Colleague: 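Structure provided below as structure tokens; questions to follow.
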Amino acid sequence: MNKLAISASTLLLSLFVLTATSCGSTSNDSAAGTPVQAAAADGATSTSLNIRYIDSDSLMTHYNLAKDFQEASMRAVSKIESARQAKATEIQKFAAAIEQKGRSNGYLTEASYNADMQKLQKMQQDAENYLAGLSRKTENELAQQQLQLNDSIENYIKIYNSSKGYDAILFKAAGIYFNPALDITNDIIEGLNARYNKVDSSK
């Protein structure tokens, strides 16, 4: 039987890198003053870019929707594991009963023994099918959660940037080094959580 390998890290998949064209040349943030200078091939400064970045690890740790989805993922994994163990116990119990019945000469005919063996094989096949279906359902649910999470973050960043006018908002993993003054992670987390309505965890 194939065991679904899912962890909370599924929800830490890479998110979209958002770039937005600036509607103005001035920044509304007091943290980082000087725009990044982009040099042309001949070494002359040709353009100024106003860039900010987000730490995705911190975002996933503190955004309440992401935390709820991580908890849902762990519950889903636990449900699959419990189902796998229950099916395995049921099959092992019936197999042991067949073996014990055979040792005690409980089978009066070969046909009755074959009937139990066929039942055991059917139990095994049914268990595999059930667990495979449960795994597919869980994978689909997690994929939908990931899409919802991505959309929520991307949509909010667009709204956030509409009043800021940054030329680009990147995830920290997209670069080697960013000036810490360009970090807007806390602003994004605060804004996301302010508009988040908690999902029903009982589902």
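All values reported here derive from a predicted model rather than from experimental measurement.
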Colleague: Identify whether Ile54 and Ile159 are in the same connected component of the hydrophobic contact network (ILVMFWY, side-chain heavy atoms under 4.5 Å).
Modeller: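 Per the 4.5 Å side-chain linkage, Ile54 and Ile159 are not co-clustered.
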Colleague: Show the numbers, then the answer: is there a side-chain contact (heavy atoms from CB on, under 4.5 Å) between Ile169 and Tyr53?
Modeller: CA-CA 5 Å; Ile169 296 177; Tyr53 76 88; over 6 Å; no
Colleague: Is the number of heavy atoms from other residues, nucleotides or ligands within 6.0 Å of CD (Glu190) greater than 12?
Modeller: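 Atom CD in Glu190 is not packed in, count stays at 12 or less.
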Colleague: Taking all non-hydrogen atoms of both residues, which atom of Phe178 and which atom of Lys172 are closest, and how far apart?
Modeller: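 What the structure gives for the nearest pair is CE1-O, 3.5 Å.
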Colleague: Rounded to the nearest 0.5 Å, what separates atom CG in Asp126 from atom CD in Gln121?
Modeller: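 So the CG of Asp126 and the CD of Gln121 are separated by 12.0 Å.
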Colleague: From Lys164 NZ over to Ser162 OG, what is the distance, rounded to the nearest 0.5 angstrom?
Modeller: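 Atom-to-atom, Lys164:NZ and Ser162:OG are 10.0 Å apart.
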Colleague: Quick one, Gln124 with Glu128, criterion side chain to side chain donor-acceptor pair (under 3.5 Å). Give me CA distance, side-chain angles, the key distance, then yes/no.
Modeller: CA-CA 6 Å; Gln124 292 171 330; Glu128 289 179 2; over 6 Å; no
Colleague: Would you please test Leu65 and Gln148 for side-chain contact (heavy atoms from CB on, under 4.5 Å) and show each step?
Modeller: CA-CA 9 Å; Leu65 177 61; Gln148 183 180 343; 4.3 Å; yes
Colleague: Do you know which two heavy atoms are closest between Ile188 and Tyr156, and how far apart they sit?
Modeller: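 Of all heavy-atom pairs spanning Ile188 and Tyr156, the closest is O-CE2, 3.8 Å.
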Colleague: When rounded to the nearest 0.5 angstrom, what distance separates CZ in Phe94 from NZ in Lys119?
Modeller: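 Phe94 atom CZ to Lys119 atom NZ measures 4.5 Å (nearest 0.5 Å).
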Colleague: Can any side-chain N or O of Asn193 pair as donor or acceptor with the backbone N or O of Asn64 at less than 3.5 Å?
Modeller: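 Between the backbone of Asn64 and the side chain of Asn193 there is a qualifying donor-acceptor contact (under 3.5 Å).
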Colleague: Does the side chain of Gln125 pick up a donor-acceptor pair with the side chain of Asn129 at under 3.5 Å?
Modeller: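 Gln125 vs Asn129: donor-acceptor pair found between side chains.
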Colleague: For the side chain of Asn161 and the backbone of Ile157, is there at least one donor-acceptor N/O pair under 3.5 Å apart?
Modeller: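 Answer holds: no.
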Colleague: For the atom pair CG (Leu142) and CG (Leu147), what is the distance rounded to the nearest 0.5 Å?
Modeller: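 It is 11.0 Å, given to the nearest 0.5 Å.
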Colleague: Please answer whether the main-chain N or O of Lys79 pairs with a side-chain N or O of Ser82 as donor and acceptor at a distance below 3.5 Å.
Modeller: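 It does not hold such a pair.
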Colleague: Nearest 0.5 angstrom please: Gln92 CD to Gln85 CD, how far?
Modeller: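 It comes to 10.5 Å.
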Colleague: How close do Ala83 and Tyr130 get, counting heavy atoms only, and between which atoms?
Modeller: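 Looks like CB-CE2, 4.0 Å.
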Colleague: To the closest 0.5 Å, what do you measure between OG1 (Thr138) and CG (Leu131)?
Modeller: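 Answer rounded to 0.5 Å: 10.5 Å.
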Colleague: Do side-chain atoms of Ser73 reach the backbone of Phe69 as a donor and acceptor pair under 3.5 angstrom?
Modeller: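 Answer holds: no.
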Colleague: Identify the heavy atoms of Tyr63 and Ser152 that sit nearest to each other, and give their distance.
Modeller: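 Scanning both residues, the minimum pair turns out to be OH-OG, 2.5 Å.
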Colleague: If you count every heavy atom of other residues, nucleotides or ligands that lies below 6.0 Å from Tyr113 atom OH, does the total exceed 12?
Modeller: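 No, because the 6.0 Å sphere around OH of Tyr113 holds 12 heavy atoms or fewer from other groups.
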Colleague: Do the side chain of Asp167 and the main chain of Asn50 share a donor and acceptor less than 3.5 angstrom apart?
Modeller: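 Indeed, once roles are kept as given, a pair shorter than 3.5 Å links the two residues.
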Colleague: Could you go through Arg84 and Glu81, starting from their C-alpha distance and side-chain angles, then the distance that decides it, and tell me whether this counts as salt bridge (charged side-chain N to carboxylate O under 4.0 Å, His left out)?
Modeller: CA-CA 5 Å; Arg84 186 193 67 80; Glu81 178 60 20; 2.8 Å; yes
Colleague: Is the number of heavy atoms from other residues, nucleotides or ligands under 6.0 Å of Lys101 NZ greater than 12?
Modeller: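 Counting other residues, nucleotides and ligands, NZ of Lys101 exceeds 12 neighbours.
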Colleague: Which atom pair, heavy atoms only, marks the closest approach of Leu59 to Ile189?
Modeller: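 So the minimum-distance heavy-atom pair works out to CD1-CG1, 3.5 Å.
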Colleague: Which heavy-atom pair separates Tyr107 from Ser112 by the least distance, and what is that distance?
Modeller: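 Closest approach of Tyr107 to Ser112, heavy atoms only: CD2-OG, 3.4 Å.
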Colleague: Any chance you could lay out the side-chain contact (heavy atoms from CB on, under 4.5 Å) test for Ile153 and Met60, step after step, and finish with the verdict?
Modeller: CA-CA 10 Å; Ile153 294 171; Met60 292 301 98; 3.5 Å; yes
Colleague: Apply salt bridge (charged side-chain N to carboxylate O under 4.0 Å, His left out) to residues Lys158 and Glu154 and explain how you reach the verdict.
Modeller: CA-CA 6 Å; Lys158 290 178 179 177; Glu154 182 180 357; 3.5 Å; yes
Colleague: Using 30° and 60° as the class boundaries, would you call the ring planes of Tyr166 and Tyr160 parallel, tilted or perpendicular?
Modeller: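 Aromatic pair Tyr166/Tyr160 classed tilted.
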Colleague: Does the side chain of Gln144 come under 3.5 Å of the side chain of Asn140 through a donor N or O and an acceptor N or O?
Modeller: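 Looking only at side-chain atoms, Asn140 and Gln144 do not form any donor-acceptor pair under 3.5 Å.
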Colleague: Does Asp55 offer a backbone N or O that forms a donor-acceptor pair with the side chain of Thr185 under 3.5 Å?
Modeller: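 A pair under 3.5 Å: yes.
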